[in-house]
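All values below were derived from every heavy atom in this structure, side-chain atoms included, with hydrogens, water molecules and symmetry-related copies excluded.
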Amino acid sequence: MKRQHKIAILKYTKGNFWLLLIPLLRGLAAMKFDIYHWLKGSYLDIIVILSILGLACIKWNYVRYEIGEKGITVNKGVVFKSEFVLPYSVVCCAVCAEPLFLRPFKAVKISLDSDSYSVTNKRSKADVALIVSLTDYLQLYNKIPAKFVSMKMAYQASKKDLIFFSLLFSSTLSGIIFMGTFFIQGSRVVGKGFEDEIFSAVSSVAEGVKKITERAEFFSVALTMIILSGWLLSFSVNLLRHLNFRIRRCGNEITIENGHFSKWKYYVNSSRINYADLRQNLFMKIAKIMSVHVSCTGYGKRRNEMPVFVPITTRRRVMSTMKMMLPDFTLSNISLRPKRTYIVAYIWMPTLLVLAVPITALLLAKNYTAWEGAIKFCGVMLEIPSVYLLVVKIAAKMTTGIGVGRETLTVRYCTAFQFHTVIVPKSRVAYIKVRSTPFQRAGGCCDVVIFTRGERVKGHRVRGVRLSEAKKFAANYNSIGQNV
């Protein structure tokens, strides 16, 4: 059996291990590279770092793998040993990642996932995750079965589509969390001076912006800067991650590649895809553009990943790409819709927000006059998404429903600000649940929840369907579309 690439030792060092090196190197530089006095003053820190590296080496030494003819075997454990065998035939998604820092070492991160999960790993992680040499990666890929045919199909996203995709799917919150984590962890390790310098720079910039916009409150300017910075960071990460996005299909195997500096490659078994999700927000819906995500165990599972299949483009291009890459995933006309009078459940929350936000802001501004400008600013900033959410939910009421085709179900619903059109092969439906609250039963309505297969069962809920129609659909959905 083989060991992982030696660079994998760093994988077994905990958390922000590399940050511990910064104060050591800074101390060495401060002592003008006087090794003796540096060792004398920092020997405890050096012992801790060497201990962490020693434990990582032991863990690395006791993780071994073998690439067999029918599957890959992984042995783990120093005291309590375990063996996990993953047959190639059950692999849903194989991921090859070449981060920028691994490429000089000719090392590759591989992850293999199936609909079950390894007892040696957490459910949120891949069944098999290793860092191997480029040679071993190529050997493993050649073992994974694929039905090769003479015709190969390909789709490559344009840079314009990828920029638009990154614009819409960038998260301000994730960018702010990343920056906050960086500053907090950095200040803990490097020292208070680092934190003071950062916040001094931020304050200087905010003061400069305040002078330019004299009417704006300092608090409002600072908050806007933080939001904009977080969004720009998230946008940059998303764009670099999805540049050079292309899809190829050969037989049942779909290959997805993306990345600019760091590169990712995914091998997806199309027969293991649980559903395709055509996503839109309200503006995308009006402009008739959308993106496609797919649910396949292992794809989009890691942190900061999205299971994107087709980045944002026009509806016509999405449909043509779907027909080429996933010909079995066809849209069906919506036949099961919410009851016409069932609207309160869709709009009560955004309506409450629309009324509560300005009233709360006015009361707070009246009682805290010193913060009046900041409170009004926050009130306006909160009222805009509240009104937008109300419009989204009204549109959701008119578009929600279920359609039944020969081999697939089409489910349209809305979560938060996002519209989903989900195409589910009937073979990937785990079960259908019809549930109703006492208020719904009084009106003869219910919610229909379609659960799809996978490592984790996922529910797709359609609200306010007539109870009699829902029961009929749940009992006969397999045969309803056979005459279509």
Side-chain angles (χ1 to χ4, degrees), residues 1-25 42-68 71-88 90-91 93-114 116-141 143-144 181-182 185-186 188-189 262-265 297-298 301-305 455:
M1 301 190 82
K2 297 181 179 180
R3 295 187 183 92
Q4 298 178 79
H5 195 287
K6 289 183 176 61
I7 197 69
I9 292 171
L10 297 178
K11 170 185 172 182
Y12 297 105
T13 57
K14 294 293 183 182
N16 299 309
F17 165 77
W18 62 273
L19 287 174
L20 297 174
L21 302 176
I22 296 176
L24 284 177
L25 295 175
S42 307
Y43 72 94
L44 287 176
D45 294 334
I46 294 170
I47 290 172
V48 170
I49 289 174
L50 290 177
S51 300
I52 293 173
L53 285 173
L55 289 172
C57 288
I58 292 171
K59 289 182 180 180
W60 170 81
N61 184 62
Y62 282 90
V63 175
R64 305 193 182 192
Y65 66 95
E66 182 178 13
I67 301 172
I72 183 170
T73 303
V74 180
N75 289 335
K76 290 183 178 181
V78 180
V79 179
F80 301 100
K81 299 185 180 297
S82 64
E83 181 175 281
F84 180 73
V85 180
L86 182 66
Y88 302 132
V90 301
V91 171
C93 180
V95 183
C96 158
E98 295 182 75
L100 187 61
F101 72 92
L102 287 184
R103 288 164 71 181
F105 302 98
K106 294 185 178 179
V108 178
K109 293 173 70 174
I110 60 168
S111 303
L112 304 177
D113 232 322
S114 66
S116 60
Y117 67 97
S118 168
V119 293
T120 61
N121 280 339
K122 293 181 180 178
R123 187 184 288 268
S124 59
K125 295 184 178 180
D127 295 343
V128 173
L130 302 167
I131 299 177
V132 302
S133 65
L134 190 58
T135 305
D136 284 351
Y137 151 67
L138 293 173
Q139 180 188 354
L140 175 65
Y141 170 60
K143 299 285 186 182
I144 296 175
T181 303
F182 174 78
Q185 296 296 334
R188 284 176 181 172
V189 176
S262 298
K263 298 182 182 296
W264 286 265
K265 186 180 287 186
T297 303
K301 188 175 185 177
R302 281 144 290 278
R303 188 174 60 181
N304 298 326
E305 279 189 354
E455 190 175 33

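- No hydrogens or angles considered: nothing links the side chains of Glu98 and Tyr137 as a donor-acceptor pair under 3.5 Å.
- Between Val91 and Asp113 there is no side-chain heavy-atom pair separated by less than 4.5 Å.
- Rounding to the nearest 0.5 Å gives a distance of 11.5 Å between OH of Tyr12 and SG of Cys57.
- Between Tyr88 and Gly68, the shortest heavy-atom contact is OH-O, 2.8 Å.
- Checked by atom type, the side-chain pair Asp127/Ser114 shows a donor-acceptor distance below 3.5 Å.
- Side-chain contact check for Leu53 versus Thr13: some heavy-atom pair is nearer than 4.5 Å.
- The shortest heavy-atom contact between Ser262 and Trp264 is O-CZ3, 3.3 Å.
- Contact detail for His5 and Trp60: the closest heavy-atom pair is O-NE1, 3.3 Å.
- Side chains of Asp136 and Tyr65: a donor on one and an acceptor on the other come within 3.5 Å.
- Side-chain contact between Leu102 and Lys109: present, with at least one pair of heavy atoms (C-beta onward) separated by less than 4.5 Å.
- Considering only heavy atoms from C-beta on, Lys76 stays 4.5 Å or farther from Lys59 through its side chain.
- The minimum heavy-atom distance linking Glu455 with Thr297 is given by the pair N-OG1, 3.4 Å.
- Asn61 is listed as a side-chain neighbour of Arg3, based on a closest heavy-atom distance under 4.5 Å.
- Taking 4.5 Å as the limit, every side-chain heavy atom of Val63 sits out of range of all side-chain heavy atoms of Asn75.
- The minimum heavy-atom distance linking Leu112 with Ala126 is given by the pair O-CB, 3.8 Å.
- Counting only distance, with no hydrogens or angles, the side chain of Ser111 and the backbone of Ala129 share no donor-acceptor pair below 3.5 Å.
- Looking only at side-chain heavy atoms (C-beta outward), Val74 and Leu86 stay at 4.5 Å or farther from each other.
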